[in-house]
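Values below: all heavy atoms of this structure, side chains included; hydrogens, waters and symmetry mates excluded. Each chain gets a letter, A, B and so on, in the order its sequence line appears, and its residues count up from 1.
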2 protein chains.
Amino acid sequence: MPAEAKVNAKVNKVAKVEARAAAPASAPLTERQEARRRRILHASAQLASRGGFDAVQMREVAESSQVALGTLYRYFPSKIHLLVATMQDQLEHMHGTLRKKPPQGETAAERVAETLMRAFRALQREPHLADAMVRALTFADRSVSPEVDQVSRQTTAIILDAMGQENPTPEQLSAVRVIEHTWHSALITWLSGRASIAQVKIDIETVCRLIDLTAPDARK
Amino acid sequence: MPAEAKVNAKVNKVAKVEARAAAPASAPLTERQEARRRRILHASAQLASRGGFDAVQMREVAESSQVALGTLYRYFPSKIHLLVATMQDQLEHMHGTLRKKPPQGETAAERVAETLMRAFRALQREPHLADAMVRALTFADRSVSPEVDQVSRQTTAIILDAMGQENPTPEQLSAVRVIEHTWHSALITWLSGRASIAQVKIDIETVCRLIDLTAPDARK
DNA sequence: ATCAAGTCTGAAACTTGTTCTAGATTAGCG
DNA sequence: CGCTAATCTAGAACAAGTTTCAGACTTGAT
């Protein structure tokens, strides 16, 4: 029964992934391994930049990064894992870049909106890459949860940074989660051509109002 | 070049789909065709209910609905199209059901949250089906835009119904869009096991506050 | 330096979405 | 009714993600 076979395969995959994710320091990669990993992520981002999700073909990634297909799958157990890892990589860059020039807005809401719009403009420069990463992120199933969660934490960190809020209240954390939801979904609608850039901007600004609404000193 | 071949294929597909979507009345299906379409959607929902996105295999759908594979593809040009159509179908049901018992909340925000939570509970009864539909929806690319847009309009209608707002302001429409974003994205996080039911509830309630914030008579 | 364990490679095989083809069936029309 | 175009069917073929395997190469420990 093929369906059953696939299910078993997935179970195995999950186990493997969790083993690695649970103890990232337990498998200290050698230099050459680190280099391989880098080459793979680079090839992935390159192919994605060219043609989006569909253009990232595992065989091509393997070839571009000078690695056997089996090895590619050892490093990243699925195409989705690979693209989510690519996103993690890009997000780190982004966070570093954003840190350098903190947003200037008066209110926390303004600063968050400004930061997200800056990130959005960065994504617009590589729309195909954005497509690949965001599609992978929202298509990911449970087997990729740890990695997707990591991306989510990183995004949260960026937003909290912009808020300049050291100890957010639970209410504020809810607002931040909602902002992230809006951010991802708005990106999707933009990428699939159902919303304009202007509309994304409005949506971001709209949702950011929630921040002021939940500010500890501005309780209604 | 295989990539190019695929691109061309997609272009063709888009053209075909638009032709049908642009003039739904231009192709009045015969009775048997209508029956076939129904059988296909039914099989799709059935398989999805059983095992989610992965369990909806085109060959199986074709077999279950007593239709040749080529015919299935004539009716629904891709698996994503099929699942989005399945979602349209389910949404209509849902809208009908929700209409029967209007929400009881005092404020518009409460009523919308109540309605969405009711829909959420319905989805919880068939989590695999929800998985298949929502994943398809967010994974859909430009070639499915018309259909996805239709789903979006239907969702908007449900929310506006709950608000009891005949003539929403542009500001309110923004709020509704943000609510939809949050709705979809929160569902995804729940389906992939990264958020609990309680968390989804909080997020929905949080985002619904935007409605009161943008109510025409409650401008701050 | 040597051995065992783990890793990498190249290639083939398998799965499932998608396309294609040749022939049978059906629908609509004169 | 009889024709023609459209539709449907069965089945092969193809594309890309994923798995598997045998053999070559590295690594780390003794």
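- Side chain to side chain, A:Q33 and A:R36 fail the donor-acceptor criterion of an N or O pair below 3.5 Å.
- Across the interface with DNA chain C, nearest-nucleotide mapping of B:T30 and B:M58 shows B:M58 to be the residue nearer the 5′ end.
- Here the side chain of B:K79 pairs no donor or acceptor atom with the backbone of B:M58 at under 3.5 angstrom.
- Here the P atom of nucleotide C:dG28 and the CD atom of B:E31 are 11 Å apart, to the nearest Å.
- A:F139 pairs by the ring-ring contact (aromatic ring centres under 6.0 Å, His included) definition with B:F53, B:F139, not counting sequence neighbours.
- Taking atom CG of A:L47 as the reference point, atom C1' of D:dA16 lies 14 Å away to the nearest angstrom.
- One interatomic measurement links the two molecules: CZ of A:R59 to C1' of D:dT19, which rounds to 11 Å at whole-angstrom precision.
- Using a 4.0 Å heavy-atom criterion, one finds that B:V56 contacts the sugar-phosphate atoms exclusively.
- Panel note: side chain A:S65, backbone A:V61; a donor-acceptor pair is recorded below 3.5 Å.
- Rounded to whole angstrom, the span from the OH atom of A:Y73 across to the P atom of C:dT9 amounts to 15 Å.
- Screening residues 114-129 of chain A for side chain to side chain donor-acceptor pair (under 3.5 Å), with sequence neighbours left out, gives A:E114-A:R118.
- Comparing the axis of the opening five pairs of the helix from C:dA1-D:dT30 to C:dG30-D:dC1 with that of the closing five pairs yields an angle of 20°, rounded to 10°.
- Spacing between atom CG of B:L82 and atom C1' of C:dT18 amounts to 14 Å, rounded to whole angstrom units.
- One atom, NZ of A:K79, and another, P of C:dG17, lie 15 Å apart when rounded to the nearest Å.
- For residues 181-193 of chain B, no residue pair satisfies the salt bridge (Lys or Arg N to Asp or Glu O under 4.0 Å) rule, not counting sequence neighbours.
- Computed from coordinates, the A:F76 CZ to D:dT18 P distance equals 13 Å when rounded to whole Å.
- Using modelled atom types, one finds no donor on one side chain facing an acceptor on the other under 3.5 Å when comparing A:S64 with A:Q46.
- A donor-acceptor distance shorter than 3.5 angstrom exists from the side chain of A:S145 to the backbone of B:S192, with no hydrogens or angles considered.
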If a protein heavy atom is under 4.0 Å from the base, mark B; if only from the sugar-phosphate, S; if neither, -; do that for nucleotides 1-10 of chain D going 5' to 3'. ------SSBB
Throw together a table of side-chain donor-acceptor distances under 3.5 angstrom for residues 183-190 of chain A, partners on residues two or more places apart or in other chains.
unit_1, atom_1, unit_2, atom_2, d
A:S185, OG, B:H181, ND1, 2.7
A:T189, OG1, A:A186, O, 2.8

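- The distance between atom CD of B:Q57 and atom C1' of D:dT18, rounded to the nearest whole Å, is 14 Å.
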